[in-house]
Amino acid sequence: MADDNMKTMIDMSDDDQLLGAFFSENTISVPEDDFTERVMQGLPERTNRLARIWTWLCVIAGVVFLIATKFWLVIYNLLKNMLLGIKPEQFSNVNITHYVLALLIISVLMGYSFAKEKA
């Protein structure tokens, strides 16, 4: 069984070498002559306009939905109930070292990411 796997790997390696040799010998160079740029300039701008209009319609519909459902009251009640449900004695046995360490690592990684993006 191991011999079959080894033979398959050797066959695949031979196939790769044969394909590489074939394509290296039969490569045709086609001049670009700015073809891609001309095609991109010839495309209509209508699709971009429609995408922007659709995005703004969705944003407006979302804002109208949030205002109609009075989302701020729902979030306020949710946070209030969540915070009032926490009892201080639940935190007496909690070791916050892991949370502080995770927050520090995330802060360093975000800082590195922003610094790398600016450079």
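For clarity, every value in this text was computed on a predicted model and none was experimentally measured.
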- Task: Mind checking the CG-NZ spacing from Leu78 to Lys80? Nearest 0.5 Å is all I need.
- Result: 11.5 Å
- Return yes when atom CH2 of Trp54 has more than 12 non-hydrogen atoms of other residues, nucleotides or ligands closer than 6.0 Å, and no otherwise. no
- Please check if Leu79 and Trp72 belong to a single hydrophobic cluster, counting links between Ile, Leu, Val, Met, Phe, Trp and Tyr side chain heavy atoms closer than 4.5 Å. yes
- From Ile28 atom CD1 to Phe23 atom CZ, the distance as rounded to the nearest 0.5 Å: 11.5 Å
- Query: Do you know the tightest heavy-atom contact between Val74 and Thr69?
  - Reply: CG2-O, 4.5 Å
- Task: Please assess Tyr99 against Leu103 for the test side-chain contact (heavy atoms from CB on, under 4.5 Å), listing each intermediate value before the final yes or no.
- Result: CA-CA 6 Å; Tyr99 298 108; Leu103 185 62; over 6 Å; no
- What distance do Asn81 atom CG and Tyr76 atom OH have between them, rounded to the nearest 0.5 Å? 9.5 Å
- Task: Group every Ile, Leu, Val, Met, Phe, Trp and Tyr by side-chain heavy-atom contacts under 4.5 Å, then state whether Ile106 and Leu104 land in the same group.
- Result: no
- Roughly how far, to the nearest 0.5 Å, is CG of Leu109 from NZ of Lys116? 11.5 Å
- Query: Transitively linked via ILVMFWY side-chain contacts under 4.5 Å: Trp56 with Phe65?
  - Reply: no
- Query: Which distance, rounded to the nearest 0.5 Å, do you find between the CD1 of Ile96 and the CG of Leu101?
  - Reply: 11.5 Å
- Euclidean distance, Leu19 CG relative to Ser24 OG, rounded to 0.5 Å: 10.5 Å
